[in-house]
Structures are given as C-alpha cells and as structure tokens.
Number of protein chains: 2
Amino acid sequence: MARNSRGRRRFLNFIMDIHHLKVFASVYKHKSFSKAAEELHLTQPTVSDHIRAFEDELKCRLFDRLPRKIIPTKEAAVLITRAQEVIERVEGFKDVLGEFRKDLSGHLVIGASTIPGTYILPGLTSSFRQKNASVLFEVVVSDSRAIIDKVAGDDLLIGIVGAKLESKQVDYKPFLDDELIVVASRKFDLRKSISIRDLVNLPIVMREQGSGTRREFEKILEKEGIDFQHLNIVGIFGSTDAVKQAVKEGMGISIVSRRSVKDELTCGMLKEIRIKDADMKRQFYIITHRKRTLPHLYKMFLEYLLS
Amino acid sequence: MARNSRGRRRFLNFIMDIHHLKVFASVYKHKSFSKAAEELHLTQPTVSDHIRAFEDELKCRLFDRLPRKIIPTKEAAVLITRAQEVIERVEGFKDVLGEFRKDLSGHLVIGASTIPGTYILPGLTSSFRQKNASVLFEVVVSDSRAIIDKVAGDDLLIGIVGAKLESKQVDYKPFLDDELIVVASRKFDLRKSISIRDLVNLPIVMREQGSGTRREFEKILEKEGIDFQHLNIVGIFGSTDAVKQAVKEGMGISIVSRRSVKDELTCGMLKEIRIKDADMKRQFYIITHRKRTLPHLYKMFLEYLLS
DNA sequence: AAGCAGCATAGAATAATTTTATAAAGGAGT
DNA sequence: ACTCCTTTATAAAATTATTCTATGCTGCTT
C-alpha cells in the first residue's frame, strides 16, 4: 500500500529524502502529476502519493489541483528553490570525490629514519614535486623504532625505515638497498681491508639504541658470533652527522650507511675500510598501516617510490 | 535482510538519500558505528550496512576499521562537509516554511470593480499597511465581469466585485453593503423624491455594460417591470468619474453608488433624488477561486477584510 | 450525455530497511 | 595463554515502505 494507515507514514523517519524532493521538483517543473510520473519512470498514483505525503509532512498544500492543470501554491514556490539546491548537491556528491581524486596537491607527511630521511627522501620528494604540482612534503625524521610506532599508532600514514620490527599493524614493503661500511678519519692509519673480528680492538663511535643502523650492525655481529659487549665503544651520538663528525675528529671508527658518507668518501674526508668476511648489506622498507587506507596523494607517491 | 543479493541495493534508485547521509555523518562524528546507532536509534548492524552500501556506491572506503576505533579516510573527510550541508538544508526545510508564514511583506494583488477599487479599497489597504509592515498593494481595477473572469482564470487570487455572476470556480463571500442612488446636478430642478417609474422620462447617463453598478440597476428595473430600452439614455461612459462629471455638467441624472458620491453630496456638488418605491440596496462580494490556496499574506488580508 | 483527461484511492505485489541473534577479531586484564 | 569485553560483520526473519494495477471521481469538451 502506498501509505500506511491512511496518510501517516514511516515509523520514525521523515519524508524528506532526495527521492521525495525529486518527485516534488518534477511535478513542479511539469505542472502535472502524470508527466512527472513519466519522467521519473513511476506511475501517477505513486507521484500522487508522494506529493500527498510531502504535503502532510509540511502541513501545507503544495499544489492546487484544478480540473485541467495544477498550480503550485506560494509555499511550493518558496520550497522549490531549496529542493533543487539539495538535489543538485546530492547529485554532485560523486563528482566531489572525482575532483578530489584528480587533485594531487596537498600535504604529504612521511616518517623516515635517519638514513632515508636525510640521504634518500630529499632527492625523491624533489623529483616527485617536479612531475606533480604543488605538494607540500613534510619529512618527520626519527629513528626506526619511533617511526614504526607512529605508523602503528595512526600518527603517520607512511614511513621509510631501515629495520623490520615485528608489529601486526604494520606492512613492510622492501625498498632500496644499502650497505653498512666501516669508515675512519683519513688520518687514521689502518689497512684498507680488515676482518670483522678486528673491530673488537678498534675504538668505535655509535648511534643510540633504536637506530636502524645500530640495529643492523648488532644483527651482523650476532651472526658472526661477536658479543656487542666486547666492543670498544668510545662514544654514542644521537645523529649520523654527530657520529661522522666524531669520526672525522679521529675519535674512532664507525659503522655507517654507505649512502650517508657518499660525499665524504668522494672528497676524501673519510676513508672506507673494507670488511672482507661479512655481508653488511641492509634493506630499507616502506611501511604502512596494514588496515588504513592511504589518501590518494599518498598512493601516488607510494607508486612513484616503488617504480 | 539488510542487503538484497549481497551488496547490490535498490532496484533503480540511489543510496544517497538523507537517511544514508545522516548515518554517515553520525558515524563520522562519533568515530563509532555503535555510538552512531545509539544516536540514531538504530542497531549497529543497520549502521554497518548503511556504511557499506554507501562505500559500495561511492566505490571508496570511508572508514578504516581498526580494532578499537575507526578512522575516517581522507575521502570521508572530504565528503563530510558536503553531507552536513545537505543535511542542514533538509532539516531547515520546515523552518523555511515557518519563516515564510511569519513574513507579512510581499506583493498583494487585488482585483476590484470600480466602486470597491476606487472608494473602498484605498482606505482598507492603507489601514492594513499601518498595522502590518511592508506590503505592496496593487489594485487592479476593472469592471465586475472582468475581475470575476480573472479570478476564475487564475490570473487573480482575490477580487472584490459588486455583482454575482454564476461561475463554478468562484467563491463569493458577502462583504460591504452599498446603495444605488439617483443623483443630479445641483442646478437640476426636480423634486427631492420620485417614483422609480419617473426615471423613464429623465435623461440618464450610464456606465458601460459589464459594470456592476449598471448590472444592479438593470436588475432593479427588471424587478419593477421596467424595460431598460424605454429609458432615455443620453450618455455611456467607461468610468464612474466620467459619469459623475457628466452629471455635474447637467447632461442628465445617473444612478450611482452612494459611496462614490459621498464627497460630492457633502459639499453639494451633486444632489440625491430619493426613490420612494424601490429597494436600491446592493451587495459587494469578496471573490476567490474555489480551488486555489491563498498565500499567507492574502489570507491575512482576507481575514482583515472580513473582521 | 458520453468521452476524455487528470488526479485520488485501494489493495496486492515487490522491495528496502531494521531487527535479533550470532560470529569474528583484537585488546585488556588476570 | 586464557577469558572477558568491546566493536564491527553477517545472516535470516520481521517489519515497513514503495510501487504497481485497477478503478473511481470530477469537470471539461463535443
């Protein structure tokens, strides 16, 4: 039945959904119930019913039914504008999403551990910006542990880290390679190539705990059966630059990412000491939250990174 | 079942009615399906279902469901503004009508035949305006026939006329009384009181056919058994003022509405000749279309007229 | 007066929404 | 690790809404 117990409709809800408004607008446009029915692919009784329900709801007559035509009342004339506005907005709903998807501008926040944040991302963000319009990049640099926690805890959407810590929330995608190398000041007198066991005897400068670089180094030592405690640690610094500075000053050697000392090696400020018997390769990862949806801009950037 | 054949919904229609938008907005606000369900007096599965349907419709995820909380996606953040706008507009629908009803400003068009339009309405519109704000009155003066036709034909909403012509469309409400009187120039030498039959011998100035005054006069003659053809008509004028002018000039006597010559009688420009043997009372009517709804302003004015 | 055009009404058929009941998944506390 | 708790998902049944067909009514028109 078109109505439920004579004129009263719906249990709790209101009549004014888009559908009803559309019927109203169409009747107003055609000044005819049957023409409106035709346009909307409904039957005339349905249209009648909608109009009546709408009139009941508003407690006012909207159309005067004269024998040959219907005339909208003043009230209908007042309402039609608003009704059309609402319809238009709702129809445009999907377009809003479409527009939004085309839009590659916006604010892109990326978490990164020291090496990726300092030596990898600046180049990539810069070239992404050259291809795509106006993106504001914000690179949050912290150590790997902190970045992973932020991604897991919904504070960041994407991160690039140099360590893989277990977390159910986080999805790891392998990204670029890197290699840990041993560096020393150019004044440091040492053979060009040593065994990993020789490290035990050398003064070492290190990053703090939580650093991906340090963690990788610890993993390598462990694999080689060397106890971290036996190392001769002479300094711990909170940043790669500080470590590099200390090494340049001759405080000791350090194990750092090759990417972080590329320039110093080229100009001879630091020299590399090859380790002949250990694999010092490491992997960087792009991390995202396993259950969160990336905004479009982020997806685009992620695709760019992986290509 | 909440959905009909697994996720596909509705036969022909779209999901985005106000109801769905409200569910979306509530979930967005509370960041919780169950809280939204509570607010909307629905159950949680219903809310789940609406959101899923909406997501299917837009082909994009709106909320990331994490274990303890849900996080709106960027898409949801983009859409929520628009959704709230639409909801607000629809909620405000009834208020628009309310406002409209309180509003007593506007354009009020009244049709009137000569006597009401010239001698009755100006006073009434003026006092109505003193009580109520800013009404723009437009008085369309024409003869009774024309006004009745315009009301019947939807060109006018309200009219005041001095004749009752049959028309199924038109509703007549008795309004003020009037009286037809015989007037003559003050130079015109005649007894103060005559019989209606004496009119046959006098030179008469008249309004055109269609005039309510003339029609009333014809009806009186008919009642008295006097043939209109036997009258000594010496002039026909298209307006009451023209008739009055002609009478003043001594062209003849005329039968006019007492209201239209009130001032002239007072200052002696015209004199009344009493008819001792005929009832010359007449009635004015407020007319409206039987099936049309009067706008609020018109209703107010009508009430004012009838009080 | 019969035919026609246009809206209203009633009841049946169809479709959509909401509910109850239950599952599944992930945290929090013991 | 196990259990409880919270939150969302799923399924089927119940409820409610919408639409349709058929028919009635009214007032023009011829």
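Any value given below was found using the heavy atoms of this structure, including those in side chains, with hydrogens, waters and symmetry copies removed. These numbers come from a predicted model, not from an experiment. Chain letters run A, B, ... following the sequence lines, proteins first and then strands; every chain starts at 1.
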**Asked** For the residue pair Phe24(A) and Phe63(A), does the interplanar ring angle fall in the parallel (under 30°), tilted (30 to 60°) or perpendicular (over 60°) class?
**Response**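 Phe24(A) vs Phe63(A) ring planes: tilted.
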
Which whole-number value in Å describes the distance from [X] [atom1] to [N] [atom2]?
X: Asp49(B); N: dT22(C); atom1: CG; atom2: P; answer: 20 Å
X: Ile51(A); N: dG6(C); atom1: CD1; atom2: C1'; answer: 15 Å
X: Ile71(A); N: dG6(C); atom1: CD1; atom2: P; answer: 15 Å
X: Lys22(A); N: dT19(D); atom1: NZ; atom2: P; answer: 12 Å
X: Leu40(B); N: dT19(C); atom1: CG; atom2: P; answer: 10 Å
X: Glu55(B); N: dA9(D); atom1: CD; atom2: C1'; answer: 12 Å
X: His20(B); N: dA16(C); atom1: NE2; atom2: P; answer: 10 Å
X: Asp17(B); N: dT17(C); atom1: CG; atom2: C1'; answer: 11 Å

**Prompt:** Within 45° of the axis and under 6.0 Å from the centre of the six-membered ring of Tyr28(B), does NZ or CZ of Lys31(B) qualify?
**Reply:**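 Judged by the rule (NZ or CZ under 6.0 Å from the ring centre, within 45° of its axis), Lys31(B) counts as positioned above Tyr28(B).
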
**Request:** Select base, sugar-phosphate, or nothing to describe what Leu66(A) touches, counting heavy atoms under 4.0 Å on all strands.
**Result:**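 Nothing, no nucleic acid heavy atom in range.
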
**Prompt:** If you look at every strand shown and take non-hydrogen atoms under 4.0 Å, does Thr43(A) touch a base, only sugar-phosphate, or nothing?
**Reply:**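 Base, at least one base atom sits under 4.0 Å.
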
Is there a side-chain contact between [X] and the phosphate of [N], meaning an N or O under 4.0 Å from OP1 or OP2?
X: His50(B); N: dA16(C); answer: no
X: Ser34(B); N: dT6(D); answer: no
X: Ser48(B); N: dT8(D); answer: no
X: Arg52(A); N: dT9(C); answer: yes
X: His19(A); N: dT19(D); answer: yes

**Request:** Tell me which of Lys69(B) and Thr46(A) sits closer to the 5' end of DNA chain D, going by the nucleotide each one is nearest to.
**Result:**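 Taking each residue's closest nucleotide, the earlier one in sequence belongs to Lys69(B).
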
**Asked** Should the pair Lys102(A)-Glu99(A) be classified as a salt bridge under the 4.0 Å nitrogen-to-oxygen rule?
**Response**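 Result for this pair is yes, salt bridge flagged.
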
**Residues Glu222(B) and Lys219(B) bridged, charged N to O under 4.0 Å** =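 So Glu222(B) does not pair with Lys219(B) through a salt bridge.
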
**Asked** Do Tyr172(B) and Tyr285(B) make the cut of ring centroids closer than 6.0 angstrom?
**Response**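 Yes, close enough.
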
Measure all distances between protein nitrogen or oxygen atoms and nitrogen or oxygen atoms of nucleotides 28-30 of chain D, and list the pairs falling under 3.5 Å.
unit_1, atom_1, unit_2, atom_2, d
dC28(D), OP1, Gln169(B), NE2, 2.9

Per-pair distances, 0.1 Å, donor-acceptor, side chain in residues 137-146 of chain A, under 3.5 Å, sequence neighbours excluded:
unit_1, atom_1, unit_2, atom_2, d
Glu138(A), OE1, His107(A), NE2, 2.8
Asp143(A), OD1, Arg145(A), N, 3.4
Asp143(A), OD1, Ala146(A), N, 3.2
Ser144(A), OG, Gly162(A), N, 3.4

**Message:** Nearest to the side chain of Phe33(B), heavy atoms from C-beta on, is which of dC7(C), dA9(D), dT19(D)?
**Reply:**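 Ranking dC7(C), dA9(D), dT19(D) by closest atom to the Phe33(B) side chain puts dA9(D) first.
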
**Request:** Side-chain contact test, heavy atoms from C-beta onward, threshold under 4.5 Å: evaluate it for Ile18(B) versus Val86(B) and give yes or no.
**Result:**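 Side chain of Ile18(B) against side chain of Val86(B), heavy atoms only: contact under 4.5 Å found.
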
**Message:** As an exercise, state the distance from OG1 of Thr46(B) to NE2 of His41(B), rounded to the nearest 0.5 Å.
**Reply:**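 Interatomic distance, Thr46(B) OG1 to His41(B) NE2, rounded to 0.5 Å: 13.5 Å.
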
Shorter than 3.5 Å, N or O on both sides, protein versus nucleotides 22-26 of chain D: list them out with atom names.
none

**Prompt:** Would one find more than 12 heavy atoms of other residues, nucleotides or ligands at under 6.0 Å from atom CD of Glu38(A)?
**Reply:**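 No - once you tally the heavy atoms of other residues, nucleotides and ligands closer than 6.0 Å, there are 12 at most.
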
**Item:** Between Gln44(B) and Ser34(B), a side-chain donor and acceptor under 3.5 Å
**Value:**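 Ser34(B) and Gln44(B) do not have a side-chain donor-acceptor pair below 3.5 Å.
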
